[in-house]
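Following: one structure in structure tokens, then a few remarks.
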Amino acid sequence: MEKKLIIYQAFPRIFTNMNAACVPDGTYEQNGSGKLVDLTPGLLGSLASMGVNCLWLTGIIEMATKTSYADGRIPADNPNVVKGEAGSPYAIKDYYDIAPSIAVDVDRRMEEFEETVKRVHAAGMSLIIDFVPNHTARVYHSDSAPAGVEDFGQRDDYSKFFARDNNYYYITNQRFAPSFDIARPGTEPYVEFPAKATGNDCFTAFCGETDWYETVKLNYGFDPGDWSTHYDPVPDTWLKMLHVLRFWASKGIDGFRCDMVFMVPREFWHWAIPQVKKDYPRLIFIGEIYDVNSYKDFLEFCHFDYLYDKVNLYDTLKGMECDNLSAAQLSSCWQRVDGIGDSMLNFLENHDEVRFASREFAGNPAKAVPFLVVSAMMTKGPFMIYYGQELGEMAVDNEGFAGDNNRSTIFDYWSYDTMRRWYDAGRCSTALLTPHERWLRSVYSRVLNLCNEAEAIREGAFFDLMYVNLRNPAFDPHRHFAFIRYSETEALLFVVNFDSKAANIGVMIPDLAFDMAIIEEGIFHTTDLIWGLDHTFEVSRDKPVSLEVGGYDAVIVPLQKIVTKSSRK
């Protein structure tokens, strides 16, 4: 049985940090850090029991940081080009090393990671990590690379803006000079001459405060000066990155979440992914991408297994809550990705987006049910949650560099009250959670487990019921959504209410759905799959199915299938 991927994204340095007295902009010594060894069998088992079958650990590979480790043997980076005390997990300074902040024994940090991989597998889950191909920290140096592996930029010709085998782009004869003051009092000035292009395709020495000034852009053989490409023979950066992918694959991980894949030439992915999969055929590649029109190319030509569906489904769901978009717009979401929908990774939260329960989105974690049901259950594709989402984390802290921005920091050493009370010094229980948090976690657990328990959700087809209900007086297409998921042995009716008021919703089921899902007519008594409540309703080709659905709620009820010869097998 092929499982539907249920991914849990977590920052180890924050996930299990038990410091209840963190201070904004706090140092490692002040605020502390969670560790890989905290990912115990008990913790992993708790996630697995919630329906999680894949763990995405963010901030694994060593990034630039203001902290020195191992009595100075791992020096701090220049603080003027590091965001936050801890540093961005996407400003990689050594592709072959583990972030020392998440190791108990810094000298054994790689061994601690390898042991973590084994524990995750023993818990019945797979493990993915970030692959950051577009940029590095401004200063890159590996002290852990295998013998014979050269640093990025080690052999670059600094006199040229572009050369095929340069790893970086250089603003020749010009010092790095951001348009804002990066000099911190009492620190050694950061000097970069010649300046390198900044990671977000800023090809000048004068990047701004909103640019990714802590990173530098990698050169894959594309010359932005004249838009020419130089991919044959294979550029040096391609070879270095293929080695990085194979290195981490050899550690037993199960896949990569690939950062900003559209900022790297598609030809690289077309070349690299099949080579890695030849040796590691079960490895999955998930691409972060923000252009619906490019989805098919990244799946078919670039060989990605799954892609973020942020600008399609996520933005529509957020727009429904924040910008008065109608629920009927959800039909356009699956239509845009028709034929590739099962390759879309859906989510309500990740480290780039605001928290669902934050002021900028729902403002109340209890509103999650209809959004969760739609994003997790419309397709067979993966669904992802972000650590603390299941507890209603609202991101109200001002952690330091990140500020109070409705997101959880990726730059600071920090700890969250919701996670501390759940982690409970390693007990990973609900004993210290509020009644509402326990309720919310149980809802997430039921929905996530149902994604694989129900054959129709795990591997069934999707039938949108909106087109026959747009003018149905018992149905409000602005705040209601309905669909069927069906397999050979099972048919489920989903009725979702995005309104704050409870409603008796009447859902018409067209003849085509009756025929495709082989649904039987009649009066049926059944139990809702989320809440366990009993329902009695009539299923007819001529009248709507009538169900009571609470405000910001959803109902999933089994429909009776007509018994056929094939279904008796």
Side-chain angles (χ1 to χ4, degrees), residues 9-15 17 19 22-36 57-70 72-103 106 109 113 129-144 151-152 176 178 180 182-184 186-190 192 196 198-200 207 209-218 257 259-260 351-352 397-403 405 407-415:
Q9 181 192 5
F11 270 84
R13 76 177 180 216
I14 297 176
F15 186 30
N17 186 5
N19 185 359
C22 289
V23 297
D25 293 308
T27 64
Y28 174 79
E29 289 73 21
Q30 290 173 305
N31 287 3
S33 174
K35 307 295 181 182
L36 288 171
L57 295 180
T58 303
I60 291 295
I61 300 178
E62 187 177 16
M63 72 288 294
T65 177
K66 294 177 186 174
T67 309
S68 65
Y69 294 92
R73 286 183 287 115
I74 303 175
D77 295 274
N78 189 298
N80 296 296
V81 285
V82 175
K83 291 182 177 178
E85 285 293 320
S88 168
Y90 298 98
I92 302 298
K93 75 172 181 182
D94 186 348
Y95 279 109
Y96 294 94
D97 209 350
I98 296 294
S101 62
I102 56 176
V106 172
R109 55 194 182 276
F113 174 74
I129 65 171
D130 288 279
F131 173 54
V132 186
N134 178 65
H135 47 266
T136 69
R138 293 214 82 92
V139 177
Y140 180 91
H141 173 64
S142 177
D143 56 11
S144 301
D151 277 351
F152 286 82
F176 178 59
F180 63 103
I182 63 171
R184 298 172 185 269
T187 65
E188 181 181 347
Y190 176 74
E192 181 181 288
K196 302 184 188 78
T198 294
N200 58 317
C207 65
E209 198 164 2
T210 58
D211 287 312
W212 305 345
Y213 63 84
E214 80 281 20
T215 70
V216 284
K217 174 79 175 178
L218 283 165
R257 176 269 186 190
D259 189 63
M260 305 300 281
H351 67 273
D352 286 315
D397 294 343
N398 185 343
E399 304 101 327
F401 182 87
N405 65 352
R407 295 168 175 80
S408 293
T409 181
I410 64 170
F411 306 106
D412 305 287
Y413 297 111
W414 202 252
S415 174

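Quantities reported herein were computed from a predicted structural model and do not represent experimental measurements.
Considering all non-hydrogen atoms of both residues, A402 and D412 come closest at N-OD2, 3.4 Å. Annotation for Y213 and C207: closest pair CB-SG, 3.6 Å, computed over non-hydrogen atoms. The two residues E188 and N80 make their nearest non-hydrogen contact at O-ND2, 3.1 Å. Closest of all the heavy-atom pairs between D97 and D143 is OD2-OD1, 3.2 Å. Taking every heavy atom of both residues into account, V81 and R138 meet most closely at CG1-CD, 3.8 Å. Shortest non-hydrogen contact noted between N78 and V82 is O-CG2, 3.4 Å.
Within the model, atoms NE2 of H351 and OG1 of T58 stand 6.5 Å from one another, a figure rounded to the nearest 0.5 Å. To the nearest 0.5 angstrom, I92 atom CD1 is 11.5 Å from S142 atom OG. T409 OG1 to K83 NZ: the interatomic distance, rounded to the nearest 0.5 Å, is 11.5 Å. A distance of 6.0 Å separates CG of N31 from CH2 of W414, quoted to the nearest 0.5 Å. Separation of atoms CD (E85) and OG (S33) is listed at 13.0 Å; rounding is to 0.5 Å. Within the model, atoms CG of N200 and NZ of K217 stand 9.0 Å from one another, a figure rounded to the nearest 0.5 Å.
Heavy atoms of other residues, nucleotides or ligands lying less than 6.0 angstrom from CD of E29 number more than 12.
Side-chain atoms of N17 and N19 include no donor-acceptor pair closer than 3.5 Å. With no hydrogens or angles considered, no side-chain donor-acceptor pair links S101 and Y413 at under 3.5 Å.
Remark: K66 fails to qualify as a cation-pi partner of Y28 under the 6.0 Å distance and 45° angle criteria applied to the six-membered ring.
Looking only at side-chain heavy atoms (C-beta outward), R109 and S144 come within less than 4.5 Å of each other. When side chains are defined from C-beta on, P89 counts as touching F11, because their heavy atoms get closer than 4.5 Å. Between D130 and I60, the closest side-chain pair of non-hydrogen atoms is not below 4.5 Å. With contacts defined as side-chain heavy-atom distances shorter than 4.5 Å, the pair L218/T136 qualifies.
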Step-by-step side-chain contact (heavy atoms from CB on, under 4.5 Å) determination, V106 to I74: CA-CA 10 Å; V106 172; I74 303 175; 3.6 Å; yes

Run the side-chain contact (heavy atoms from CB on, under 4.5 Å) test on F176 and V216 for me, step by step, so that the C-alpha distance in whole Å, both residues' side-chain angles and the decisive distance to 0.1 Å come before the verdict. CA-CA 11 Å; F176 178 59; V216 284; over 6 Å; no

Candidate pair T215 and N134, rule side-chain contact (heavy atoms from CB on, under 4.5 Å), full reasoning: CA-CA 9 Å; T215 70; N134 178 65; over 6 Å; no

Stepwise side-chain contact (heavy atoms from CB on, under 4.5 Å) check, V139 with Y190: CA-CA 10 Å; V139 177; Y190 176 74; 3.8 Å; yes

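Without hydrogens or angle criteria, T198 side chain to W212 main chain gives no donor-acceptor distance under 3.5 Å. Side chain of R407 to main chain of D352: a donor-acceptor pair is present (N/O by atom type, distance under 3.5 Å, no hydrogens or angles).
A side chain to side chain contact (heavy atoms under 4.5 Å, CB included) with Y90 holds for exactly one of M63, E214, M260, H135; it is H135.
Two rings, from Y95 and Y140, have their centers less than 6.0 Å apart.
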